[in-house]
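Report on one structure; see the data block that follows.
Numbered from 1 within each chain, the chains take letters A, B, ... in sequence-line order. Note that the coordinates shown come from a computational prediction; the quantities given were computed from them, not determined experimentally.
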Amino acid sequence: MRSALLLLLALPAAGCAISQPDVPVGTYLGGDYAAVREFAEKQQTDGAVENLAIVLNVKGQCQLALGEHDAARRSFESAAQIMGTWATSGNEATAAIVGSESSKTYKGDPYEKAMNAFYLSYCYLLKGEPDNARAALKRGILMDAEVADEKYQADNALLFWMAGRMSRLFGASGAEDFFKEAQTANTFAIDHGSRGAKNNPILTDPEKGNFVLLLPIGLGPEKFADGREKELARFRNQSHPAVRAVAKLGGKSLGKSWILNDVEYQASTLGGTAMEGIRKGKAVFKTSARISGAVLVNKGLNNLDSDAGQAQAIAGGALLIFSALTATSADARHWPTLPSTVQALVADVPPGEHDLVVDFLDGNGRPIRGLQHTMRVTVPESGEAWFLVPSLPAAAAGS
Amino acid sequence: MLIRSVTVGLLGLLLTACGSTRDTRVSADAADSVTGTGLQSVDIRTMASQMAADIKEWGVLAPTSDGKQASFFIYEMKNESSDTINKTIILTKLRTELFKAFRGRVDILDRSPSATDLTNAEQRMKQRGEVTGANNKKVFGSDFVLKGVMQSRDRQAGALKSSYILVTFELTDLATQKMVWTNDYEMKTESEKSVINR
């Protein structure tokens, strides 16, 4: 009976706590998008509902790679609805504060919300709805401004620049303001440690080009729980050989890509959160209770013959149980298949059909084998042609 | 006895924590319990019925004295807000409400690309004698065009955010370019972010 009680005492701490879905990132990087999409679909039906936004985003990326554009849009849209909802039930908030933080619905950090907006806007552009594409970007800009440290709010040049381009595409006002904001965001981000260039030609001449390549490159940061009681949410960069891209159209060089969004920088400039303070407080309690409990139990055991000794042992035991039940670990769930940077390459090209070759380069400027993309593209007589080419293997035919 | 009570209590806590879910049919006019922001079903329904009733009341689409019916088509819904929307659902609902309001006393034209494709294909089949029917009807011209635009003003500070959405419709005379009718639908929401997401 006592064993059962101990087991039950431990259960509330672990009960309903949600761990990071085990997304097969290696399979994704290897180009088997159908397998990863299948994993995401299984997680969608059988996995924790609190992780839905993560698996929908991963699924959307796979669907984009497989050319399933409408399905990708629906996946990113559903994820966006979860990530953009501020409302939280009292029960969920209580569970996350008193119990494990990772029991809450994953809504992503601002940099992840911004990336969801990026992919969603591209899907709407493919659908021929630049107005909805801009709506997604505007929402992404608002979400990017949710970072706790006001200094780093709205410093995502990619979203501003794309919003300006979308404004132009459907004849709306505001393009100049978006372009100006993109310049400001880029300068600010670089001054504060982001990769990129202040003289980025895409931002100095933001309306240039009827041919746009969007290039998610590398692998984004991994979130993990750090600290004595795992109460600190931290990011570590992940290794990937691709750092930039070059492209040729009809055998003619279009030049190199330029960084518009450094995802690692965006992740590392979130600022402190309210939950971090709560976790730190819980960590102090957990450590203090554990030490006090151990001291009391020790004293009590050495003096068990007396009433005071027994009381000390019971109080010490209770403190040790409370310490063990206090969940301090930071919620380290994250979108694991994000790129390290999003870069762009823009050119003025004649309308018609062209052969496009995109090569991804390593740190030494050498093309990475297996990541070359060759495709036949059509540039319209009027309007623009946009393509998303990630630094991933091309999808196998028929997959 | 104490241990038993604690065990039962903890079991109850577990059952509450990992409680049941629901799958319930609700009225289309019910407030959205999933998220309170953005256009909800009740907004789309209210907007469509209000606009249809208002256009009818203004009389701009009423038949002329010699009985000639007015004709119009719905062109587009432009989204300038920060909320992605399914534009088709708004326009389709509006078209249905207009059709119901006028009860056939106005000609609503289908100018969608698919309608043009289908019309052309049918005419070709009739020309080739593959299907029956006369091929001497002309596609209706339109007297008016109905357009819409959705805009928003979003404010965000700390844990609070508000969103004001304005959906404006306008009916333009295609002969004179005169705007003969306009009306709008407004909504505003406020949200507070939970401490667990800050």
[atom1] ([X]) with more than 12 external heavy atoms under 6.0 Å:
X	atom1	answer
B:Leu174	CG	yes
B:Arg155	CZ	no
B:Arg103	CZ	no
A:Lys127	NZ	yes
A:Arg168	CZ	yes
B:Gln177	CD	no

Chain A neighbours within residues 65-85 of chain B, where any heavy atom lies under 4.5 Å away:
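Expected list: B:Met77, B:Lys78, B:Asn79, B:Glu80, B:Ser81, B:Ser82, B:Asp83, B:Thr84, B:Ile85.
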
Can you tell me how far the CG atom of B:Asn86 sits from the CD atom of A:Glu77, to the nearest 0.5 Å?
9.0 Å

Distance, nearest 0.5 Å, that separates CG of A:Asp131 from CE of B:Met150
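It comes to 10.0 Å.
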
Donor-acceptor pairs under 3.5 angstrom involving side-chain atoms of residues 117-127 of chain B: please list them, not counting sequence neighbours.
from	atom 1	to	atom 2	distance (Å)
B:Thr119	OG1	B:Ala115	O	2.6
B:Asn120	ND2	B:Thr116	O	3.3

I would like to know whether B:Lys87 and A:Asn132 meet side chain to side chain contact (heavy atoms under 4.5 Å, CB included); could you show each step before the answer?
CA-CA 9 Å; B:Lys87 298 184 277 188; A:Asn132 265 330; 4.0 Å; yes

